[in-house]
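Proteins get letters first, then strands, A, B, ... in listed order; numbering begins at 1 in each. Note that the structure is a prediction, hence the values are computed from the model and not measured.
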Number of protein chains: 2
Amino acid sequence: MISSLSSPEIGRRLIASLRQKGYKLTAQRRYIIAILSRDLTHPGAMDILSRVRKKAPQVSLSTVYYTLDILKKEGLIKELEFYDRDNRYDVNIENHINLICRKCGRIEDFPGELPYSYTQVQQKTDFQPMAMRYEYYGYCKDCRRKRAG
Amino acid sequence: MISSLSSPEIGRRLIASLRQKGYKLTAQRRYIIAILSRDLTHPGAMDILSRVRKKAPQVSLSTVYYTLDILKKEGLIKELEFYDRDNRYDVNIENHINLICRKCGRIEDFPGELPYSYTQVQQKTDFQPMAMRYEYYGYCKDCRRKRAG
DNA sequence: TTCCGTGCAAACCCTTTGCAAGAGT
DNA sequence: ACTCTTGCAAAGGGTTTGCACGGAA
């Protein structure tokens with residue numbers, strides 16, 4: 001299971017994949033991959049940019065998006081899309097349920113099984129699934145504490 | 001269960017609710033409500049506008065959004081939000097799983113139970129859910145047929 | 001040397017907002 | 001009449017695109 005890998009392992013796996021597929025491994029890409037591998041709270045493009053700039057101040061947002069596009073296209077990361085906030089990126093590419101805090105924006109994984117496999121859905125409805133999203137919106141532990149206080 | 005109501009019944013219920021809450025029942029609003037009540041495939045704002053304009057050509061998009069905002073605020077419809085397509089609106093305000101076609105954009109309801117009630121999620125994680133979305137993305141029956149042919 | 005990748009800036013698209021004119025109660 | 005609603009137009013915000021320079025292989 002991917003989520004059992006350590007951050008350095010995840011990073012190495014992403015770098016090895018890009019190299020194998022013929023992509024150039026620039027310093028910018030290594031920074032971006034390092035951040036994605038370490039931060040499992042699903043950072044957004046601007047989050048990533050800010051942190052990359054601590055190491056390399058001139059990096060642009062297009063570079064971040066360009067790299068994220070490649071990682072997406074190669075199936076190495078998963079994009080969580082939102083209309084009213086920035087998209088978020090996850091090195092855990094397995095289907096899972098996300099818990100999304102409406103106050104601080106934090107996204108955490110829910111440790112539970114998924115109902116209805118793609119096959120079950122298709123047998124029941126004749127709709128052919130190729131992706132899914134299961135999400136709960138609410139308040140995380142920390143924000144609940146602040147609201148109560 | 002709401003989804004067992006007929007379109008006219010849904011429309012009357014929405015109109016009665018707005019009247020009771022003191023909102024003005026303009027012709028525009030009646031048209032918008034009629035469309036939402038009849039079209040259970042989750043139309044978007046532009047869809048609604050185009051169809052309202054067949055009856056009242058001068059109606060503006062802001063009016064559509066303004067009316068949808070009121071219906072949302074009063075809990076009479078549910079908004080499905082997408083970052084890469086227009087938001088969609090549903091008179092079925094119960095939590096349910098949606099099947100979203102990547103080709104034609106059609107959204108249909110999945111007839112299945114939901115796992116993990118808000119209470120169960122909170123007991124398991126200390127995260128307090130207030131809303132949820134469960135979706136499968138893929139190809140609907142009609143679009144699969146076209147792709148195969 | 002050859003492309004691919006980068007950075008800057010502008011375009012995009014749907015949604016939201018500002019404001020004056022118009023309509024329901 | 002009084003206020004809410006409407007319609008036009010502009011703003012807003014994250015993502016995408018165009019293009020010339022620069023750097024990895």
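Evaluation of the side-chain contact (heavy atoms from CB on, under 4.5 Å) rule for A:Ser62 yields A:Ser60 as partners, not counting sequence neighbours. Residues passing the salt bridge (Lys or Arg N to Asp or Glu O under 4.0 Å) test with B:Glu81: none are found, sequence neighbours excluded. Scanning for side-chain contact (heavy atoms from CB on, under 4.5 Å) contacts around A:Ser7 gives A:Arg38, with sequence neighbours left out. In this structure B:Arg133 satisfies the salt bridge (Lys or Arg N to Asp or Glu O under 4.0 Å) test together with B:Glu135, sequence neighbours excluded. With sequence neighbours left out, the salt bridge (Lys or Arg N to Asp or Glu O under 4.0 Å) criterion links B:Arg51 to B:Asp39.
Contact between the side-chain N/O atoms of B:Gln28 and the OP1/OP2 oxygens of C:dA23 is not found at any separation under 4.0 Å.
Atom OH in B:Tyr66 sits about 16 Å away from atom C1' in D:dC8, given to the nearest Å. B:Tyr89 has its OH atom 9 Å from the C1' atom of C:dC14, to the nearest Å. C:dC4 atom P lies 11 Å from atom CZ of A:Arg29, rounded to whole Å. Residue A:Asp69 contributes atom CG, which lies 15 Å from atom C1' of C:dC4 at whole-angstrom precision. Distance NZ (A:Lys73) to C1' (D:dT16): 14 Å, rounded to an integer number of Å. If you measure from atom CG of B:Leu71 to atom P of D:dT5, you get 11 Å, rounded to the nearest angstrom. Taking atom OH of B:Tyr31 as the reference point, atom C1' of D:dT6 lies 15 Å away to the nearest angstrom. Taking atom CD1 of residue B:Ile70 and atom C1' of nucleotide D:dC4, one finds them 9 Å apart after rounding to whole Å.
Of the residues in residues 42-61 of chain B, those lying under 4.0 Å from DNA chain D by heavy-atom distance are B:Gln58, B:Val59, B:Ser60. Residues of residues 78-87 of chain A that place a heavy atom closer than 4.0 Å to DNA chain C, in numerical order, are A:Tyr83.
Of all non-hydrogen atoms in B:Ile93 and B:Gly75, the two that sit nearest each other are CD1-O, 3.5 Å.
Through chains of ILVMFWY side-chain contacts below 4.5 Å, B:Tyr83 is grouped with A:Tyr83.
Between the side chains of B:Ser6 and B:Glu9, at least one donor N or O sits under 3.5 Å from an acceptor N or O.
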ask   = How does protein contact run along nucleotides 18-25 of chain D, one letter per nucleotide 5' to 3', with B for base contact, S for sugar-phosphate only, - for none, heavy atoms under 4.0 Å?
value = -----BBS

Going by atom type alone, with no hydrogens or angles, which donor-acceptor pairs under 3.5 Å involve a side-chain atom of residues 107-116 of chain A and a protein atom two or more places apart or on another chain?
{"from": "A:Asp109", "atom 1": "OD1", "to": "A:His42", "atom 2": "NE2", "distance (Å)": "3.2"}
{"from": "A:Asp109", "atom 1": "OD1", "to": "A:His96", "atom 2": "NE2", "distance (Å)": "3.1"}
{"from": "A:Asp109", "atom 1": "OD2", "to": "A:Asn92", "atom 2": "ND2", "distance (Å)": "3.4"}
{"from": "A:Tyr116", "atom 1": "OH", "to": "B:Glu113", "atom 2": "N", "distance (Å)": "2.6"}
{"from": "A:Tyr116", "atom 1": "OH", "to": "B:Glu113", "atom 2": "O", "distance (Å)": "2.9"}

List the atom pairs, donor and acceptor, that lie under 3.5 Å between side-chain atoms in residues 26-34 of chain B and the rest of the protein, sequence neighbours left out.
{"from": "B:Thr26", "atom 1": "OG1", "to": "B:Arg29", "atom 2": "N", "distance (Å)": "3.3"}
{"from": "B:Arg29", "atom 1": "NH1", "to": "B:Lys24", "atom 2": "O", "distance (Å)": "2.9"}

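Sorted by first and then second residue, the pairs that involve residues 69-78 of chain A and meet salt bridge (Lys or Arg N to Asp or Glu O under 4.0 Å), not counting sequence neighbours, are A:Lys21-A:Glu74, A:Asp69-A:Lys72, A:Lys72-A:Glu79.
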